[in-house]
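Below is one structure, written out as structure tokens, with a few remarks after it.
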Amino acid sequence: MNTDYFKLLQEIDSIVTSGATLGEILQNTCKLLKTKVYHYDWVGFYILEERTLNLVLGPFYGKPTEHTIIPIGKGVCGQVAKNKKLKTVQNVCLESNYIACSIDVQSEIVVPILKDGKFVAEIDIDSHSVAPFTVEDENFLTSVCQKLSGLF
Ligand code: SME
């Protein structure tokens, strides 16, 4: 399945500059990514709550998850918040620090959103395929997070 990542980045630019609220922008981004990229089966944002230092589920597109609050360091999401580095898990069965959401999920990529070098939020994508993510996904999602970072 060919994905035109360049075109998608242009669509992200339109969403970011649309004048919508932060919540709407994040929601529209989730919907765009989930519907336009074949191997993205669940797309959501976790946002750092400064007061508790927990990750709180923000807008998402896909099935509801019971993991609405994740402590820093826990699961793939918590590791990315702690290390401020993108993490790709090509096979979730091989990841010991993983929080399972659904038995359908085989792989996951989490990309941090940094503002002035500080972690503020992250984009979390689950896939029902094993090892679907390439360096192209990593570069693409890093660009998406850079475009969103100015909104926080
Ligand atoms: N699998 C994640 C938890 C969040 S759900 O995928 C929506 C993790 O290990 O942090």
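Counting starts at 1 for both ligands and their atoms, in listed order. This is a predicted model, so every value here is computed, not measured.
- Considering only non-hydrogen protein atoms, atom 5 (S) of ligand 1 sits nearest to Cys101 SG, 2.6 Å.
- For ligand 1, the polar-atom distance check against Gly75 finds no nitrogen or oxygen pair separated by under 3.5 Å.
- Side-chain atoms of Glu138 and Thr88 include a donor-acceptor pair closer than 3.5 Å.
- Distances below 4.0 Å separate heavy atoms of Tyr46 from the following atoms of ligand 1: 4 (C), 7 (C).
- Applying side-chain contact (heavy atoms from CB on, under 4.5 Å) to Cys30 and the options Tyr61, Tyr40, Trp42 leaves one that passes, Tyr61.
- Side chain of Asp41 to backbone of His128: a donor-acceptor contact under 3.5 angstrom is found.
- Checked against a 3.5 angstrom limit, the closest N/O atoms of Val76 and ligand 1 fall inside it.
- Lys84 places a side-chain N or O within 3.5 Å of a backbone atom of Gly117 that can act as its donor or acceptor partner.
- Side-chain N/O atoms of Ser14 and Glu11 include no donor and acceptor closer than 3.5 Å.
- Neither the backbone nor the side chain of Val92 comes within 4.0 Å of ligand 1, counting heavy atoms alone.
- Protein heavy atom closest to atom 6 (O) of ligand 1, with residue, atom name and distance, is Asp126 OD2, 3.0 Å.
- Every atom of ligand 1 with a heavy atom of Asp124 under 4.0 Å away is listed here by number and element: 4 (C), 5 (S), 6 (O), 7 (C).
- Although no hydrogens or angles enter the test, the distance criterion places no donor-acceptor pair under 3.5 Å between the side chain of Asn83 and the main chain of Val80.
- Judged by distance alone, the side chain of Thr21 and the main-chain N or O of Glu24 form a donor-acceptor pair under 3.5 Å.
- Within the 4.0 Å heavy-atom cutoff, Trp42 counts among the residues contacting ligand 1.
- Protein heavy atom closest to atom 3 (C) of ligand 1, with residue, atom name and distance, is Ile99 O, 3.6 Å.
- From the protein, the heavy atom lying nearest to atom 2 (C) of ligand 1 is Glu108 OE2, 3.2 Å.
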